Amino acid sequence: MSTDTQTLDIPKVTAYLEKHLEGFEGPLEVSKFQAGQSNPTFLLKTPSRNFVLRRKPPGVLLKSAHAVDREFRVQKALQDTDVPVSKMHLLCEDDDVIGSAFYIMDHVNGRNFMDPRMLDETNEVRAGIMDEMNRVLAALHDVDINAVGLADYGPPGNYYERQIARWTKQYRASETEDQPAMNELIERLTANIPADDGQRTLVHGDYRIDNMMFEKDGTKCLAVLDWELSTIGHPYADLAAVIMQWQMPAGTEGRGFGGADRGALGLPTDEEFIAKYCERRGLDGIDNFGFYVAFCFFRMAGIIQGVLKRALDGNASNPERAMKVGAYVPVFAANGLKALER
């Protein structure tokens with residue numbers, strides 16, 4: 001079986017879609033999106049409309065990783081909620097078609113920001129997009145998981161306990177060298193898990209501006225993308241993930257606000273964003289927020305360690321970028337330790 005993540009077998013995809021996707025008519029033109037590391041994603045152009053194919057990478061994978069079936073399920077469940085998602089068409093779990101499972105969704109014709117500073121926009125647009133990002137996050141955490149059929153989308157119990165155990169295991173399985181800061185962070189997080197406050201919501205797992213599509217000429221979010229890490233869990237993990245990302249260096253590599261003058265750009269402070277979120281969800285505030293930020297740094301370190309391991313094993317979707325991203329593991333671990341002191 002091929003382990004190529006850069007191309008698709010166009011005749012096989014075409015034959016499958018002709019049989020299973022109502023109204024599909026070729027010919028099919030395929031190009032790969034270079035952004036994203038985990039599940040290779042392709043634009044499918046046809047004469048009448050465009051689709052997106054997202055596949056599980058071929059080859060030997062960590063257990064529970066790259067679950068495109070879960071991505072498909074959660075986005076399908078959210079179709080009629082206040083959380084914008086692309087329209088889901090079909091899920092194929094037959095590895096014989098292209099070598100691994102995949103799903104087909106509508107192509108969302110919007111714009112995406114790899115740099116959260118959005119330097120080409122006005123202050124008004126920047127502020128509007130950030131407020132929309134806040135609104136969608138609050139809406140996501142207010143989804144009635146019973147009503148949309150997602151109550152069983154994640155196991156019961158303390159979310160952080162579960163996630164720290166899971167990502168520690170994933171990290172150890174893909175470890176390539178000893179990282180003392182990561183070892184300490186794992187130990188301290190495990191010892192300081194907050195008591196369960198009863199909040200059990202849908203969480204995205206990787207909520208940030210570059211995983212969102214916006215109107216080309218406005219601030220409305222058209223779709224939240226990349227649901228691979230979604231589950232039922234605790235909402236503060238998503239909120240803290242936004243704040244965590246903003247601590248990173250500015251630019252398309254770090255994708256943070258490090259060194260940026262947020263006030264001059266019309267961008268919210270961490271405190272303003274958190275306060276607006278709490279207002280939207282009717283919360284009085286959040287205690288011990290540093291723990292949640294540290295948890296997000298830890299989990300992201302685990303994720304990018306997996307990206308690095310796949311690059312070294314020859315399975316990365318974008319090998320050159322994967323090696324660059326992998327170098328951030330000790331940086332994320334160190335920042336996690338700093339967050340615990342906040």
Side-chain angles (χ1 to χ4, degrees), residues 29-54 71 74-75 78-79 81-89 103-140 204-230 238-239 241-246 248-258 260-262 264-268 272-273 276-277 317-318 321 325:
E29 188 182 322
V30 176
S31 58
K32 184 175 184 291
F33 292 103
Q34 288 307 311
Q37 282 300 319
S38 192
N39 292 325
T41 307
F42 300 83
L43 175 63
L44 310 183
K45 288 185 177 180
T46 76
S48 60
R49 63 189 294 193
N50 297 336
F51 302 94
V52 168
L53 182 152
R54 193 157 157 86
E71 282 194 346
V74 68
Q75 289 173 94
L78 291 171
Q79 302 281 243
T81 69
D82 289 334
V83 181
V85 288
S86 176
K87 179 177 173 56
M88 298 292 110
H89 289 290
Y103 65 88
I104 302 289
M105 60 183 171
D106 268 352
H107 176 245
V108 177
N109 189 21
R111 57 179 175 163
N112 175 254
F113 298 101
M114 300 302 284
D115 184 341
R117 295 173 300 171
M118 300 174 276
L119 295 177
D120 293 334
E121 303 300 324
T122 64
N123 281 23
E124 184 181 12
V125 169
R126 278 190 283 264
I129 284 176
M130 282 293 164
D131 190 62
E132 175 72 345
M133 187 179 178
N134 190 290
R135 180 198 70 78
V136 172
L137 185 61
L140 169 63
H204 180 273
D206 197 15
Y207 191 81
R208 57 192 197 202
I209 198 167
D210 51 295
N211 278 335
M212 304 175 78
M213 294 296 293
F214 294 88
E215 291 176 312
K216 289 206 167 180
D217 298 310
T219 60
K220 182 182 178 184
C221 177
L222 300 178
V224 179
L225 309 173
D226 199 355
W227 291 84
E228 187 198 342
L229 298 176
S230 62
D238 275 343
L239 178 61
V242 175
I243 303 307
M244 174 210 77
Q245 192 67 44
W246 290 353
M248 300 305 290
T252 55
E253 202 67 43
R255 301 181 194 178
F257 289 147
D261 185 341
R262 292 199 220 178
L265 292 170
L267 297 165
E272 286 167 345
F273 193 85
K276 193 68 179 176
Y277 169 89
S317 177
N318 184 336
R321 176 160 170 72
V325 167

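All of these numbers come straight from a predicted model, not from anything done at the bench. Computed over heavy atoms, backbone and side chain alike; hydrogens, waters and symmetry mates excluded. Note that the numbering runs from 1 along the sequence shown for the chain.
Below 30°, between 30° and 60°, or above 60°: for Phe214 and Phe113 the angle between ring planes is between 30° and 60°, a tilted geometry. A tilted orientation is assigned to the rings of Phe257 and Trp246, their planes being inclined by 30° to 60°.
Here the side chains of Val136 and Val224 are in contact, with some heavy-atom distance below 4.5 Å. A heavy-atom distance below 4.5 Å is found between the side chains of Trp227 and Val85. Counting only heavy atoms from C-beta outward, the side chains of Glu228 and Asn39 approach each other to under 4.5 Å. Side-chain contact between Arg49 and Asp106: present, with at least one pair of heavy atoms (C-beta onward) separated by less than 4.5 Å. You'll find the side chain of Val74 stays beyond 4.5 Å of the side chain of His204, heavy atoms only. The shortest distance between side-chain heavy atoms of Phe51 and His107 does not fall below 4.5 Å. Inter-residue side-chain proximity for Ile129 and Ile209 is flagged as met; some heavy-atom pair is nearer than 4.5 Å. A heavy-atom distance below 4.5 Å is not found between the side chains of Glu124 and Thr219.
How far CZ of Arg54 is from CD1 of Ile104: 12.5 Å, rounded to the nearest 0.5 Å. In this structure, Glu253 CD and Met114 CE are separated by 9.0 Å, a value rounded to the nearest 0.5 Å. Between atom CE of residue Met212 and atom CG of residue Leu137 there is a gap of 8.0 Å, rounded to the nearest 0.5 Å. Taking CG from Asp226 and OG1 from Thr41, the interatomic distance works out to 7.5 Å, rounded to the nearest 0.5 Å. Taken to the nearest 0.5 Å, the CZ atom of Arg126 stands 15.5 Å off from the CG atom of Asp131. The CG atom of Asn123 sits 6.5 Å away from the CG atom of Leu265 when rounded to the nearest 0.5 Å.
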Query raised in the report: Would Arg255 and Met248 count as a side chain to side chain contact (heavy atoms under 4.5 Å, CB included) if you check the C-alpha gap in whole Å, the side-chain angles of each, and the deciding distance to 0.1 Å?
Result: CA-CA 6 Å; Arg255 301 181 194 178; Met248 300 305 290; over 6 Å; no
Query - Working for side chain to side chain contact (heavy atoms under 4.5 Å, CB included), residues Val52 and Phe33 - result: CA-CA 10 Å; Val52 168; Phe33 292 103; 4.1 Å; yes
**Report entry** Residues Val30, Leu53; criterion side chain to side chain contact (heavy atoms under 4.5 Å, CB included); working and verdict
**Finding:** CA-CA 10 Å; Val30 176; Leu53 182 152; over 6 Å; no
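The minimum heavy-atom distance linking Met88 with Gln75 is given by the pair CE-OE1, 3.4 Å. Of all heavy-atom pairs between Pro268 and Met130, the closest is CD-CG, 3.7 Å. Counting all heavy atoms, side chain and backbone alike, Val108 lies closest to Met213 at O-CE, 3.7 Å. What you find for Ser86 and Met105 is that their closest heavy atoms are OG-CB, 3.7 Å. Heavy atoms only, all atoms of each residue included: Gly256 and Pro116 are closest at O-CG, 3.7 Å. Closest heavy-atom contact between Lys216 and Gly110: CE-O, 3.6 Å.
In this structure, Glu71 contributes its side chain and Leu229 its backbone to no donor-acceptor pair below 3.5 Å. Judged purely by atom type and a 3.5 angstrom limit, Glu29 has no side-chain atom pairing as donor or acceptor with the backbone of Lys45. Panel note: side chain Gln245, backbone Gly254; a donor-acceptor pair is recorded below 3.5 Å. Judged purely by atom type and a 3.5 angstrom limit, Tyr207 uses its side chain to pair as donor or acceptor with the backbone of Met133. A donor-acceptor contact shorter than 3.5 Å links the side chain of Asn211 to the backbone of Asp206.
Ion pairing between Arg111 and Glu121 holds under the 4.0 Å rule for side-chain N and carboxylate O.
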